[in-house]
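None of the values given here were measured: they were computed from a predicted structure. In what follows, every chain begins at residue 1, and chains take the letters A, B, ... in the order their sequences are listed.
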Protein chains: 4
Amino acid sequence: MGVERTDDLGCRAAALRADFLAVRHMTEALAEGLTPEDCMLQSMPDASPVKWHLAHTSWFFEQFVLGPRGIAPVNPAYAALFNSYYVGAGPRHPRLRRGDLSRPSLAEVMAYRQRVTQAVAALLQADADAPSAPLHALVTLGLHHEQQHQELVVTDMKHHFACQPLSPLQEPAPALPAEAPQTMRWLDVSGGLVPIGHDGTGFAFDNEGPRHRVWLEGYALADRLVSETEYLTFMTDGGYARPTLWLSDGWAAREAQGWQAPLHWRHDGEGWRVLTWRGWRRPRADVAVCHVSHYEADAYARWADARLPTEAEWEHAAVTLGADAAARRGALLDDSHRHPMPLKAGVSGLRQMQGDCWQWTSSSYLPYPGYRVPEGTVGEYNGKFMSGQMVLRGASAATPRSHARLSYRNFFPPGARWQFSGIRLARDAGPGAA
Amino acid sequence: MGVERTDDLGCRAAALRADFLAVRHMTEALAEGLTPEDCMLQSMPDASPVKWHLAHTSWFFEQFVLGPRGIAPVNPAYAALFNSYYVGAGPRHPRLRRGDLSRPSLAEVMAYRQRVTQAVAALLQADADAPSAPLHALVTLGLHHEQQHQELVVTDMKHHFACQPLSPLQEPAPALPAEAPQTMRWLDVSGGLVPIGHDGTGFAFDNEGPRHRVWLEGYALADRLVSETEYLTFMTDGGYARPTLWLSDGWAAREAQGWQAPLHWRHDGEGWRVLTWRGWRRPRADVAVCHVSHYEADAYARWADARLPTEAEWEHAAVTLGADAAARRGALLDDSHRHPMPLKAGVSGLRQMQGDCWQWTSSSYLPYPGYRVPEGTVGEYNGKFMSGQMVLRGASAATPRSHARLSYRNFFPPGARWQFSGIRLARDAGPGAA
Amino acid sequence: MGVERTDDLGCRAAALRADFLAVRHMTEALAEGLTPEDCMLQSMPDASPVKWHLAHTSWFFEQFVLGPRGIAPVNPAYAALFNSYYVGAGPRHPRLRRGDLSRPSLAEVMAYRQRVTQAVAALLQADADAPSAPLHALVTLGLHHEQQHQELVVTDMKHHFACQPLSPLQEPAPALPAEAPQTMRWLDVSGGLVPIGHDGTGFAFDNEGPRHRVWLEGYALADRLVSETEYLTFMTDGGYARPTLWLSDGWAAREAQGWQAPLHWRHDGEGWRVLTWRGWRRPRADVAVCHVSHYEADAYARWADARLPTEAEWEHAAVTLGADAAARRGALLDDSHRHPMPLKAGVSGLRQMQGDCWQWTSSSYLPYPGYRVPEGTVGEYNGKFMSGQMVLRGASAATPRSHARLSYRNFFPPGARWQFSGIRLARDAGPGAA
Amino acid sequence: MGVERTDDLGCRAAALRADFLAVRHMTEALAEGLTPEDCMLQSMPDASPVKWHLAHTSWFFEQFVLGPRGIAPVNPAYAALFNSYYVGAGPRHPRLRRGDLSRPSLAEVMAYRQRVTQAVAALLQADADAPSAPLHALVTLGLHHEQQHQELVVTDMKHHFACQPLSPLQEPAPALPAEAPQTMRWLDVSGGLVPIGHDGTGFAFDNEGPRHRVWLEGYALADRLVSETEYLTFMTDGGYARPTLWLSDGWAAREAQGWQAPLHWRHDGEGWRVLTWRGWRRPRADVAVCHVSHYEADAYARWADARLPTEAEWEHAAVTLGADAAARRGALLDDSHRHPMPLKAGVSGLRQMQGDCWQWTSSSYLPYPGYRVPEGTVGEYNGKFMSGQMVLRGASAATPRSHARLSYRNFFPPGARWQFSGIRLARDAGPGAA
């Protein structure tokens, strides 16, 4: 979204309105080709039905933008149905039962979206002459919130279809040309007292600040993500059978859930196959492994005699090594692949820091020094989840380009696997790092 | 269905074909007004989605009629999806996840029904000249099977909608004229060595035979079912708070599930209300209470200083006292009320033995003496469920008229409440029975 | 116990007192050789610690005999700790946590027993001159209650030890001489209108009456129980792998609990071994299989082209064929084997109807016609459990001789396996029964 | 233990042997007054029976000291029974079933301890002339391991007794003189680049190193722990009823477990009472609140407009402000109170940093930069638990004096409450911190 880069107030209002319409449209475009019945699927508690995402992202604007400005809700009953976790916004329909809503229908939800889109657009239009900073801030927050749910629509829908006996994702994937395999290289990064956190330019979630100083010792970071075939080597080397490679909680999760491979992998008798949005195919040496939990990423790193980076190491390297250059990016939602893509040949330096896969760090999701939860219900957005989760950095093939940032702190419980989450290795500086 | 009453073979074939088409059509008529999303709802493990019922009743004909006659399945994948519990017919989609099928869509399932209906109708047509007894028997079984599922479509859909926050069943029910309340009367029945079980005329399920002799002591049976207001008196007299009224398992179920009233009752602050297919209304003195478990029926009977009848007592009284007379029936599916109706004034004798509510007996569901499970997969229909369930007799407002029989043995676990199950009292003959 | 056979009142009082002291002593004798820690074990929710049995059988006398006669409890806190399921007697310590009581200690419980024994004995002594029928009835009930718990002490302790890593029951059992194997024979029994239930001579539990008439068709009963090696043949013939042999609930239990053999059987690589109170040994052709559930008994019968008897068939045959003759009995608790013993050669007729194993019938545990629950808290003894359980008849190697009766109705849920429960076959009369 | 402070090798060997005997004896002293049945209690999965602790701490010496030196185990079966979580040491008895071991008896376990103590003492004796560093290191590790279990014996036993209906901890506690209440004061600490981690003098667990640099901004730390009455004010101000005070996971835990107060508090109708090892008493203004989870500590801090310290802030303040001075300590195990004691008057500065309560920090339990898991089975001691837990600092009334260290990193899941865990507040430096 261009909104952050526009200075004049009138122009900013117009740009925000354009961004708003584009984001709203994008969400609907993601649901194209799905039937009303597909949009009701909830294959596990963590994954919501697409219809629910479509409605909840509209509820967010009603709750935080339209309601406080006196605009009546489209349907008062939606308040409880489509509130996710905002205790301050009243009661909520149980998360586990979001798939049990046949009413409102998909058509009614689409009409609801339309009404909300028009009402917010009208507000922005009316506001253009005398722009209001709080309105802009809340609409911008609403857009980034909706972009988060765009990513969830993609990952949840993949899970829903993967659990469907008559899934449309059953066929072999069309072949992609193989890129020349590239050896993983270690990039040395010198430490010191470095600034971490969002620098204040453009939008950021509250959890990306305050910007603060962190002391880092020197370290090395892998120039690319771990590939599918590298991960397969870990598997064939007993990766899932050797408890000493695993955290204790991770081994317990592996046993309880019978993990033998990443999520969405399946053995067909001859070998493992990987489910992509285009279908099933063999593991590739040029594509990053995804759908692994923090526990698996940690075990892989231990097996590889390395470790996961801290989030400060990740961010410091990304910022200082220019990881945001377009040529170094991986696949993003805008590319429509909905899966990590082959690593391009002929590009060097730190790659895949934005795109392809989110990358598990070794950092727990905790508040930055000096962090304060914002006042009001919107303060429930981030702070209260700072417990029991691990930080992921980067962006994935399901992340909208305008939503990705080097300071972005994504977070999931260490056992979560249905996101496009992969592995980047790190290690301490030292003789072995030469 | 008139089929049982026709003697000439050619006529029988034509009658069966007409019955077949009528039953198939009736199932589809029950789904009218439901959206594709409604038809996917599964609000609890015991209740299946309507789409699944629509498909499973077609699968039954494919499995037992079309397949053995060399007619290829419409879609081989349906075999596992729509098999209910026939181990002999291969693997089955898990019962708890029937609501997770977005594909095939409702439209595809309706097309599937069409194909199966046409194929069976064609078989019957071709068969008219040289009628085959096995074909007739299996199609007849299929029709009765489908009628059982018609009842489940009604009871399951009521449960699904009752759990929907935006249920169409939320409004107050239109008022019905009240009938004059009628005192419950005891009808004396003399015992002796009496015949029990189906007498061989017309269709019956295997579990209704063999016909055999049972010794009964004299007893008395209530002339009508327990009413909603009578049950309310039990509630206000501490019926749900006095463990000594309850079987031990029943009290445990009551505690675990927090029962305070029948299923589909709700207290609105002023008093209890009852959910019917037409909406909510107050309890009535002229309507039979339904949606009670065996445990509740048993506790009510103990509170009323009576007991539930055995199934032999029930059947013997029904047969000897002419309980099948049309004027004495209660509501059946054909009446379209989908709820017990007010007891008509001016009718005496044993009423509601066919219609309004199924009636819990004190008999466990066990095989009759001499019962043998039929050979083959179709033998899984009844016999293997003869454990842990109680027999209900009669028929309900959701039972097709042509499906009801005095020898019919319905059965459910003692804690089941989502059927139209009510209470008829009995007691031993004796001085107090005068 | 001889008490029932004595007519003179004074003699009866003396006899009851002697019986009382003998039964109390017997319970304590069963705990000999167990450490305080052994007596605290609770290896599953259904099996209580021996210390709890020792205390609960004393609590019973305090609750129903001493308390109502004004004798203060030894320790008021014991009322809740050692009440089993009598809602009318106040709150109860949770059943699942009976193993969590370190206090009172075993020594304190033994002292508690002593005090209660003395108090009841004193009452009986004082009563000798003017005997009171209610006192006699309650003490007699208390003795039979205690004998039931003697059986549980044996079966529970076997389970506790079987779950102990350092169990004293680990060694091979000393060899017993093998009896000549005896072919199972069918004994024909003619039916008719037969009396069932206790005839009023001597003590019986309330659930054994009222005596009433039942119509039976002719049938045949096996002259002995199914043996261990016969059951092994069922196992090797795929008995645990063929769902069509099983009731639906039984198959679900088998899958959920991974049953492959009776409880307390173990495969040692070379073959199956059976755990007895004397240790492990190979299955024998002359010993009745035990520790099978109703589901397994039913599946075995179906596999053997037979069925289980109804409880009326069992009782009628037992009474008319003289099954109570001493020579035909199996092992009882008084024999101290604590396991079924080899079937004696040279004895013909209906054997093992009293001793060796309880025998699953095909009858649900329901009230006899005319049964009324007794008034007061003691009425909770039997009636409220008449749901969801199956009747077993006979007696086992853990049943005291004076506790066994042909009219005795034992009952357990169909999945219970830790009792000495075995299999007797029956079949309908007919050409094949010749 | 004086061992760390001795330089000469021979003296060190003698000192270690003396320490060893003292620690072994101390564990046994903690079990004094407990019956064999008490020592078998396991009131929840996280709390082990005292008998198990007594055995496991001996197994540790057999596994890591005696076995590798060729000394045969006392009983090979103990290896699996008393292994806690060392996958490399073979199979383990399930943690949840540690309370189900009646055998070996308490007496046998005491004899086992004796044999192991003698064997290790003999090794140390033999070693005195030519001391072996690995032996010393392993025995020292074993002693610290045993001291950890001493703390668990105290906290677990309190839990076991609290769940006993006939608990010896039921009486009112004898009155203690009240100290004058002391206002909590903020102590300013300047930040900078500070060293964190054990400095290499004397014993430390591997997780306390490597020593490394951390950047801290200035902050303030409370001079004492939150008191029972302060916590009561939080409770009466709706602390347990306002979700906005809580982390999302914390609120879910509170709801699921019905928390209304710290563990071991009970409302007696008139007010709250606190369970101490001496009995029940009212909350005090001079005693630190304990038995709170991380979630409760975090909610309290938010309510108090403060926060919890990071573990680096805690350690840096402790080291620089002299928190280890004897006068400033709280109660330790050596004081035999087994509960936090009144804060002494007339002492200023940073108190209770060693003793009274462990103090929840805001830091997840993660490896320090450069941390490597030690080779071999002993490497399972700490590293594999670095996931899903929070760090506690300090020491408690159940910690042996010679076991406490300022660099000590204790860790428990954020919902754990049965340890002596309390609350110390922190806040950022700034205008409000003056």
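- In this structure, chain B has no heavy atom under 4.5 Å from any part of C:Pro369.
- Considering CE of B:Met390 and OG of C:Ser364, their distance stands at 7.5 Å, rounded to 0.5 Å.
- Residue contact with chain C, scored on non-hydrogen atoms closer than 4.5 Å, involves the side chain of B:Tyr295 exclusively.
- If you take CG on B:Leu366 and OG on C:Ser362, they are separated by 7.0 Å, rounding to the nearest 0.5 Å.
- Against chain C, the residues from residues 247-257 of chain B that qualify, each with a non-hydrogen atom under 4.5 angstrom away, are B:Leu247, B:Ser248, B:Asp249 in number order.
- Taken from CD in B:Glu375 to OG1 in C:Thr244, the straight-line distance is 10.0 Å, to the nearest 0.5 Å.
- Here the side chains of B:Leu193 and C:Trp215 are in contact, with some heavy-atom distance below 4.5 Å.
- C:Arg372 touches chain B through its side chain: at least one heavy atom from C-beta onward sits under 4.5 Å away, while N, CA, C and O do not.
- Contact between C:Val87 and B:Pro243 at its shortest, heavy atoms only, is CG1-CG, 3.3 Å.
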